[in-house]
Peer 1: 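One structure, as structure tokens, below. Some questions next.
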Protein chains: 2
Amino acid sequence: MSLSQQTHQQQTESHLTLADKVLVQLQNSIIKGEIAAGSKINEQAIAKQFGISRGPAREALHTLERQLLIIRAPHVGARIARLTVNELNELYALRSTLESMACELAAIHISAQQLQQLATLIQYQQHALQNDDFDFQQQGDIDFHYQIIHASGNQHLRRTLIDGLYHLLRMYRYQCSSGIKPTQAIAEHQQIYTAIANADGELAGLLMRRHIERGRQKAVLRLQQIEPFTSAQL
Amino acid sequence: MSLSQQTHQQQTESHLTLADKVLVQLQNSIIKGEIAAGSKINEQAIAKQFGISRGPAREALHTLERQLLIIRAPHVGARIARLTVNELNELYALRSTLESMACELAAIHISAQQLQQLATLIQYQQHALQNDDFDFQQQGDIDFHYQIIHASGNQHLRRTLIDGLYHLLRMYRYQCSSGIKPTQAIAEHQQIYTAIANADGELAGLLMRRHIERGRQKAVLRLQQIEPFTSAQL
DNA sequence: ACACTTGTGATTGTTAACAATTATATGAAA
DNA sequence: TTTCATATAATTGTTAACAATCACAAGTGT
């Protein structure tokens with residue numbers, strides 16, 4: 001289980017409710033695009049597919065709605081979120097502001113242990129870069145941002161980013177990843193880490209802004225290639 | 001129905017689900033402090049109290065949880081959120097960042113009609129100030145901030161603030177209001193409005209930061225008076 | 001007196017049937 | 001052919017009963 005997967009509950013698997021288990025699987029299916037964007041999704045079908053009743057299925061869909069992965073209309077049903085350039089821009093603008101704030105706070109509040117974990121993660125990332133371990137590159141990137149958010153110490157900031165925007169963001173990043181080596185991105189991570197280690201929150205925040213802006217530009221380019229196809233299907 | 005009450009759905013009352021109706025009443029009761037902070041709240045009791053079954057009551061509690069008005073523990077139950085100085089600081093720090101961003105965007109994207117509505121609202125507020133209409137002062141204050149958020153044009157920003165932080169914020173503002181005339185606050189609103197009208201997003205954002213910071217200081221002072229009592233009760 | 005086990009009650013989690021609402025298809029009239 | 005009304009089917013909303021889990025208290029043994 002990745003660091004970014006575990007949010008705040010540390011409960012063992014046996015305590016997990018059916019809605020939670022189904023939720024995780026649906027999240028992954030949606031984020032990976034295995035369920036087509038814009039397609040309808042209803043409670044009965046989910047319940048049948050996972051061998052449960054409509055109650056937990058309904059709860060899972062409600063959670064997916066608040067995670068912005070589906071769009072629900074009362075008495076009508078739900079549809080998988082559709083990726084658009086406009087929404088990507090809005091999402092990244094908000095993300096940039098919030099993660100910049102997280103950097104400023106993290107530079108003040110980060111503990112020695114958290115700083116050490118961040119350093120270790122960057123080393124792993126550089127290792128994965130050399131070995132062309134693409135999955136770990138992407139997961140490591142997410143974990144880097146997550147650890148900084150966590151180190152900010154602001155629980156509301158963390159909840160807003162991790163429980164709210166995080167999931168839709170993962171969808172954009174997964175489906176809009178260019179596939180080229182993230183050499184520059186990891187170098188930027190290194191710079192941000194150094195700024196935080198030097199307790200220079202202002203610099204760290206600035207670097208994070210630019211880092212996310214570059215990611216936005218790449219994602220937009222990729223999305224503009226695939227958007228005509230995805231928006232074509234009803 | 002106030003401007004800040006209607007979020008994005010414009011459905012008539014008949015379409016409202018039972019969970020929604022109960023939700024609104026519970027929100028108000030919690031925000032006003034009619035239900036004691038920290039007290040337990042369970043599904044059965046809610047269902048009985050409102051004459052509905054546990055299904056909708058359960059959904060309402062889930063929504064209250066994501067609005068941060070209650071804290072749920074799996075298989076254990078839920079408790080009304082307790083106001084603390086620390087959490088108030090975190091909440092206002094996040095709010096300051098987000099509403100400052102909203103100002104910057106609003107200065108760019110606000111329409112002539114929205115600008116006119118903002119001007120009208122400020123006039124009403126000044127009128128309410130002279131007439132000592134306290135309820136309208138508080139509601140007008142919330143509407144001012146809401147309209148700017150709306151004018152920012154960023155849907156994710158709006159959802160994060162209105163659907164997420166907004167409710168807990170209302171609780172703090174309601175229970176930590178000092179009762180003295182908000183003369184300065186309304187003057188600051190006027191300044192922010194002017195900056196937005198002049199398309200000076202940078203200034204508007206800065207003024208909003210200071211405006212919220214002053215509100216934070218007042219709320220902290222008030223909360224420090226009542227916190228010993230609220231944290232005393234289990 | 002203390003630790004451990006066990007049982008009881010309360011609360012949440014789950015299920016399946018029922019009700020209400022909406023979308024879609026069918027057909028009649030202009 | 002088009003448009004409106006109606007009926008039908010599909011889906012969500014709601015309910016009450018059942019199962020599982022947890023907190024707490026009583027009791028037992030050392």
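Labels below follow one simple rule: chain letters A, B, ... track the order of the sequence lines, proteins then strands, and each chain is numbered from 1.
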Peer 1: In whole Å, what is the span from the CG atom of Leu23(B) to the C1' atom of dG13(D)?
Peer 2: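 Between C1' of dG13(D) and CG of Leu23(B): 16 Å.
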
Peer 1: Find the distance His62(A):NE2 to dT12(D):C1' and express it as a whole number of Å.
Peer 2: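 Atom-to-atom, His62(A) to dT12(D), this comes out as 10 Å.
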
Peer 1: Nearest-Å distance, CG (Leu61(B)) to C1' (dT11(C))?
Peer 2: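 Taking CG of Leu61(B) and C1' of dT11(C), I get 12 Å after rounding.
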
Peer 1: If only side-chain N and O atoms count, and only distance matters, is there a donor-acceptor pair under 3.5 Å linking Arg170(B) with Asn28(B)?
Peer 2: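 Present: a donor and an acceptor within the cut-off.
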
Peer 1: Over how many whole Å does the gap from Leu18(B) atom CG to dA19(C) atom P extend?
Peer 2: 16 Å

Peer 1: Within the pair Arg58(A) and dG13(C), is there a side-chain N or O less than 4.0 Å away from OP1 or OP2?
Peer 2: no

Peer 1: If you assign Lys40(A) and Ala19(A) each to the DNA chain C nucleotide with the nearest heavy atom, which residue ends up on the more 5' nucleotide?
Peer 2: Ala19(A)

Peer 1: Which of the following nucleotides, dT14(D), dT12(C), dT14(C), is nearest to the side chain of Ser53(B)?
Peer 2: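 So the side chain of Ser53(B) is nearest to dT14(D).
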
Peer 1: Between Thr17(A) and dT12(C), does any side-chain N or O lie under 4.0 Å from OP1 or OP2?
Peer 2: no

Peer 1: In whole angstroms, how far is the P atom of dC18(C) from the CD atom of Gln44(A)?
Peer 2: 14 Å

Peer 1: Which of these nucleotides, dT11(D), dT11(C), dT14(C), is closest to any side-chain atom of Asn42(B)?
Peer 2: dT11(C)

Peer 1: Step through the shown structure and confirm whether more than 12 heavy atoms of other residues, nucleotides or ligands are within 6.0 Å of CD on Gln44(A).
Peer 2: no

Peer 1: For Tyr124(B), I'd like to know if atom OH has over 12 heavy atoms of other residues, nucleotides or ligands within 6.0 Å.
Peer 2: no

Peer 1: Which residue, Ala78(A) or Gly51(B), contacts DNA chain D at a nucleotide closer to its 5' end, judged by nearest heavy atom?
Peer 2: Ala78(A)

Peer 1: Nearest to the side chain of Ile52(B), heavy atoms from C-beta on, is which of dG13(C), dT15(D), dT14(C)?
Peer 2: dT15(D)

Peer 1: Between dT14(C), dT15(D), dT12(D), which one does the side chain of Arg54(B) approach most closely?
Peer 2: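 The closest nucleotide is dT14(C).
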
Peer 1: Under the side chain to side chain contact (heavy atoms under 4.5 Å, CB included) test against Leu64(B), which residue among Ile30(B), Ile71(B), Ile46(B) passes?
Peer 2: Ile30(B)

Peer 1: Quick one: Phe50(A) CZ to dT14(C) P, roughly how many Å, whole number?
Peer 2: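 About 14 Å, once rounded to whole Å.
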
